[in-house]
Amino acid sequence: MDQDQNGWNNWNQKDQGQWDRWDSSASNSSYYNQPTHRPYNQGFAIASLVLGLLSVTLGCCGLSIPLGAMGILLGLLCYRKGKRMENNSRMGLTLSVIGFTAGIIFSVVSIIRLPAMLQDPVYAEQYNRIFQMMFGMDFNEFIRQYYGSF
């Protein structure tokens with residue numbers, strides 16, 4: 001029996017799908033022959049960073065609240081007890097909180113200011129024209145049709 005073909009020497013060949021963890025030329029080992037692995041939660045950290053950037057930049061479109069909430073969730077999923085957060089997840093969490101907070105403040109201010117702005121005839125006319133283009137009826141007709149009176 002030939003040991004090279006059927007024996008114990010054949011366990012680290014590539015055709016069997018196994019790798020020699022002590023071979024320094026293997027692509028999955030480091031310089032000091034230690035097995036390497038991907039950093040934990042790197043995907044969540046990058047996703048949190050991207051969502052944080054989008055929530056800050058798309059705040060004027062009304063998308064900052066859902067994007068910021070998802071960025072906060074993914075940033076918090078990167079936290080491991082007893083370990084330091086990566087810079088990507090920390091920055092993503094920070095940007096997501098800023099975007100989420102700005103979206104909430106912008107929405108509250110818009111809701112509070114809308115009745116006062118509709119009292120201005122110039123603004124009300126512009127709002128009615130935009131509403132007419134978007135929905136096919138002006139704002140006063142919409143209020144009368146769905147809420148009874150204005």
Measuring only between side-chain heavy atoms, which start at C-beta, is Leu54 closer than 4.5 Å to Leu63?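 No - every pair of side-chain heavy atoms lies 4.5 Å or more apart.
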
Got Gln145 and Glu141 here, is their nearest side-chain heavy-atom distance under 4.5 Å?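 The answer is no, as the side chains (C-beta and beyond) never meet within the 4.5 Å cut-off.
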
Identify the two heavy atoms, one from [X] and one from [Y], that lie closest to each other, and give their separation to 0.1 Å.
X: Met85; Y: Gly75; result: CE-O, 3.4 Å
X: Cys78; Y: Phe44; result: SG-CB, 3.3 Å
X: Ser96; Y: Gly71; result: OG-CA, 3.3 Å
X: Ile72; Y: Phe100; result: CD1-CB, 4.2 Å

At what distance, to the nearest 0.5 angstrom, does [atom1] of [X] lie from [atom2] of [Y]?
X: Ser64; Y: Leu51; atom1: OG; atom2: CG; result: 12.5 Å
X: Met137; Y: Ile143; atom1: CE; atom2: CD1; result: 10.5 Å
X: Ile112; Y: Met117; atom1: CD1; atom2: CE; result: 11.5 Å
X: Gln42; Y: Ile46; atom1: CD; atom2: CD1; result: 4.5 Å

Solution key, residues 126-134 side-chain donor-acceptor pairs under 3.5 Å, sequence neighbours excluded:
residue: Asn128; atom: OD1; partner: Phe139; partner atom: N; Å: 3.1
residue: Asn128; atom: ND2; partner: Ala124; partner atom: O; Å: 3.3
residue: Gln132; atom: OE1; partner: Asp138; partner atom: N; Å: 3.1
residue: Gln132; atom: NE2; partner: Gly136; partner atom: O; Å: 3.4

List, one per line, each side-chain donor-acceptor pair under 3.5 Å for residues 102-109, sequence neighbours excluded.
residue: Ser107; atom: OG; partner: Gly103; partner atom: O; Å: 2.9

| request: With sequence neighbours excluded, give me every side chain to side chain donor-acceptor pair (under 3.5 Å) pair touching residues 48-57. | output: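 Applying side chain to side chain donor-acceptor pair (under 3.5 Å) to every pair that reaches into residues 48-57, excluding sequence neighbours, yields nothing.
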
Share the residues that join Ile98 in a hydrophobic cluster, the rule being Ile, Leu, Val, Met, Phe, Trp or Tyr side chains under 4.5 Å apart at the heavy-atom level.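 Via sub-4.5 Å side-chain contacts, Ile98 links to Leu49, Leu53, Val56, Met91, Leu95.
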
